[in-house]
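Ligands are counted one by one from 1 in listed order, and the atoms in each one are counted from 1 as well.
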Amino acid sequence: MPPIGIDAVALAVPTGYLELTDLAKARGVPSTKYHEGLLVTRMAVAQPYEDPVVLAANAARRLLITSGRRPADIGLCVVGTETAVDHAKPISAYLHGLLNLPERCRVFESKHACFGGTAGLLAAVDWIASGANRGRVALVVCTDIARYAMNTPGEPTQGAGAVAMIVSANPRLLAIDVGLGGSYARDVHDFWRPLNRKEALCDGHYSITCYLAALTSAYGAWKEACGEAGVNVELARTCYHVPYGKMARKAHLHRLALDGITGAEAEASFTREVASSLDLPSLAGNIYTGSLYMALASLLHLEGHEIEGRRIGLFSYGSGCTAEFFSGRVVAGAGAFARSLQLAAPLDGRRRYTMDEYEALRRHEDQADFAPLGSIEAPADAMAFLGVDGERRVYARLAPIEESTMPNGHLGNVININKLQAAKLRLL
Ligand code: CAA
């Protein structure tokens with residue numbers, strides 16, 4: 001069986017963010033609590049027109065352009081989210097339409113808190129391993145808007161964004177160790193989002209305990225599976241689910257302690273093996289399903305070249321709860337390919353909101369899903385949720401991506417693009 005894994009990645013974030021220094025000042029908290037206590041710097045804030053469908057479509061479209069893949073190549077499209085826009089119609093259905101994906105395509109949404117994207121990724125790997133893909137690739141998109149009530153401990157750990165991934169045979173970034181994942185599940189109430197509210201509820205400190213208990217068990221199961229398969233468990237780097245950077249730090253120190261490594265050696269290991277994966281997440285905040293994969297993008301962006309050929313670990317945690325510890329080998333050439341994907345570019349050039357703007361956006365978010373068509377304002381060149389018409393959500397549709405316009409990874413080669421595409425491409 002050829003290697004199977006993550007072939008390409010792209011991110012999308014809203015156009016604006018809140019500097020956490022501003023939030024700290026407004027909430028009467030020392031900014032060091034956020035910067036050093038939680039290891040967060042900025043949190044992305046979504047406008048009403050930047051809903052989870054729009055974020056998913058922006059990430060997926062960017063992925064198609066930067067990776068050189070065509071919509072026709074895709075035979076499976078899974079969206080992981082815990083910010084669904086409908087009880088029945090999945091975000092993947094909107095995405096299928098917006099990207100002009102083929103009719104012969106398996107399309108669904110996957111939910112288990114922040115684990116939904118990993119469930120999609122693992123389903124995609126199995127789909128390819130089974131041979132059902134018949135030469136085609138999978139598109140897996142994680143998209144979420146993380147919201148807690150204002151003036152609560154969770155507020156500085158909000159964020160918004162999407163991560164799109166191509167999963168394929170002979171991947172260009174990460175070959176996953178198929179069949180070695182360590183799973184864990186337990187019915188707990190650490191974090192949840194009741195149907196009648198947009199904001200999450202959580203038992204914050206308990207959720208940290210649940211995360212670490214899940215890591216203990218899933219990591220142990222992964223090591224056992226590796227032992228049985230004769231696979232070396234030495235990891236060059238590990239990416240964790242990042243609700244906020246400090247959680248990943250706690251997780252890494254916890255994992256090392258399980259292996260008897262503590263003190264200065266553990267601190268040095270965090271700096272060497274985890275810190276670079278927290279760079280991009282610290283600028284976007286928690287993006288729930290996509291957080292682990294934004295951490296992976298951050299790692300590949302900053303250190304892809306150095307870790308080619310080496311095994312890395314990934315830990316995915318979904319409250320409620322379930323988790324998986326799995327691993328993969330960074331592919332030869334991944335560093336240069338990651339560079340060509342310009343993974344960090346969507347985080348540049350965003351607008352910094354004032355506290356007043358942020359609070360005004362928060363106050364209006366409850367109505368946004370029910371706003372009549374035309375009452376939501378969006379820039380003329382944006383991919384946008386435009387409101388509801390006859391109880392149906394309406395989106396400004398991206399022009400179909402023509403095969404002739406695909407740049408084969410070279411962004412400058414795009415030809416024959418309409419105004420909307422041109423505007424989007426300027427963001428690349
Ligand atoms: N300077 C530097 N550090 C400071 C400080 C200061 N002035 N003041 C406090 N700190 C440190 C504290 O010592 C603490 O560090 P440690 O964790 O290393 O002990 C850290 O800052 C946080 O302080 P508190 O524990 O007092 O913070 P809090 O009680 O206000 O809230 C939280 C922290 C519970 C994580 C809260 O932000 C929260 O509820 N977040 C949402 C839930 C969450 O993210 N849980 C994570 C696990 S669940 C999961 O992963 C799923 C998911 O995506 C939600």
Is the shortest side-chain N to carboxylate O distance from [X] to [Y] below 4.0 Å?
{"X": "D86", "Y": "R393", "answer": "no"}
{"X": "R27", "Y": "E155", "answer": "yes"}
{"X": "R351", "Y": "E357", "answer": "yes"}
{"X": "K223", "Y": "D259", "answer": "yes"}
{"X": "D22", "Y": "K25", "answer": "no"}

| query | Nearest protein heavy atom to atom 13 (O) of ligand 1: under 4.0 Å? | reply |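 Neighbour list for atom 13 (O) of ligand 1 is empty of protein heavy atoms (cut-off 4.0 Å).
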| query | Does some non-hydrogen atom of the protein lie less than 4.0 angstrom from atom 9 (C) of ligand 1? | reply |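 It does: a protein heavy atom is found less than 4.0 Å away from atom 9 (C) of ligand 1.
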Ignoring hydrogens and angles, write down the donor-acceptor pairs under 3.5 Å from the side chains of residues 11-19, residues two or more places apart or on other chains.
residue	atom	partner	partner atom	Å
T15	OG1	E50	OE2	2.8
E19	OE1	R42	NE	3.0

Protein heavy-atom partner closest to [atom] - residue, atom, separation in Å:
{"atom": "atom 11 (C) of ligand 1", "result": "G37 CA, 3.6 Å"}
{"atom": "atom 38 (C) of ligand 1", "result": "G154 CA, 3.8 Å"}
{"atom": "atom 44 (O) of ligand 1", "result": "P243 CB, 3.4 Å"}
{"atom": "atom 7 (N) of ligand 1", "result": "T32 OG1, 3.2 Å"}
{"atom": "atom 33 (C) of ligand 1", "result": "L38 CD2, 4.2 Å"}
{"atom": "atom 51 (C) of ligand 1", "result": "S319 OG, 3.4 Å"}
{"atom": "atom 40 (N) of ligand 1", "result": "T157 OG1, 3.5 Å"}
{"atom": "atom 27 (O) of ligand 1", "result": "K33 NZ, 3.3 Å"}

| field | K111, NZ atom: more than 12 neighbouring heavy atoms under 6.0 Å | value |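 No - once you tally the heavy atoms of other residues, nucleotides and ligands closer than 6.0 Å, there are 12 at most.
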Proximal ligand 1 atoms for [X], defined as those under 4.0 Å from one of its heavy atoms:
{"X": "Y244", "value": "35 (C), 44 (O), 46 (C)"}
{"X": "C114", "value": "52 (C), 53 (O)"}
{"X": "C202", "value": "39 (O), 41 (C), 42 (C)"}
{"X": "K246", "value": "15 (O), 16 (P), 18 (O)"}
{"X": "Y211", "value": "50 (O)"}
{"X": "Y148", "value": "41 (C), 54 (C)"}
{"X": "F191", "value": "54 (C)"}

I'd like to check whether [X] has a polar contact with ligand 1, where a contact means an N/O of the residue lying under 3.5 Å from an N/O of the ligand.
{"X": "D190", "value": "no"}
{"X": "P156", "value": "no"}
{"X": "H241", "value": "yes"}
{"X": "S207", "value": "yes"}

| query | For ligand 1, does P30 get within less than 4.0 Å through its side chain, its backbone, both, or neither, judged by non-hydrogen atoms? | reply |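 Near ligand 1, P30 shows its side chain, while the N, CA, C and O stay back.
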| said: Applying a heavy-atom cut-off of 4.0 Å, say which part of N286 lies close to ligand 1: side chain, backbone, both or neither. | reply: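 Just the side chain.
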| For E306, all residues meeting salt bridge (charged side-chain N to carboxylate O under 4.0 Å, His left out), sequence neighbours excluded |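 Checked E306 against salt bridge (charged side-chain N to carboxylate O under 4.0 Å, His left out); zero matches.
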| Any non-hydrogen atom of K250 lying under 4.0 Å from ligand 1? |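 Distance cut 4.0 Å: K250 passes for ligand 1.
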| field | Side chain proximity check, L76 to R136, heavy atoms < 4.5 angstrom | value |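 The answer is no, as the side chains (C-beta and beyond) never meet within the 4.5 Å cut-off.
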| query | Within a strict 4.5 Å, meaning less than it, do heavy atoms of the T41 and S282 side chains meet? | reply |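 Answer yes - side chains close enough.
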Please report whether the ring centroid of [Y] lies less than 6.0 Å from that of [X].
{"X": "F315", "Y": "H241", "value": "no"}
{"X": "Y317", "Y": "F325", "value": "no"}
{"X": "Y49", "Y": "F385", "value": "no"}
{"X": "Y288", "Y": "F191", "value": "yes"}

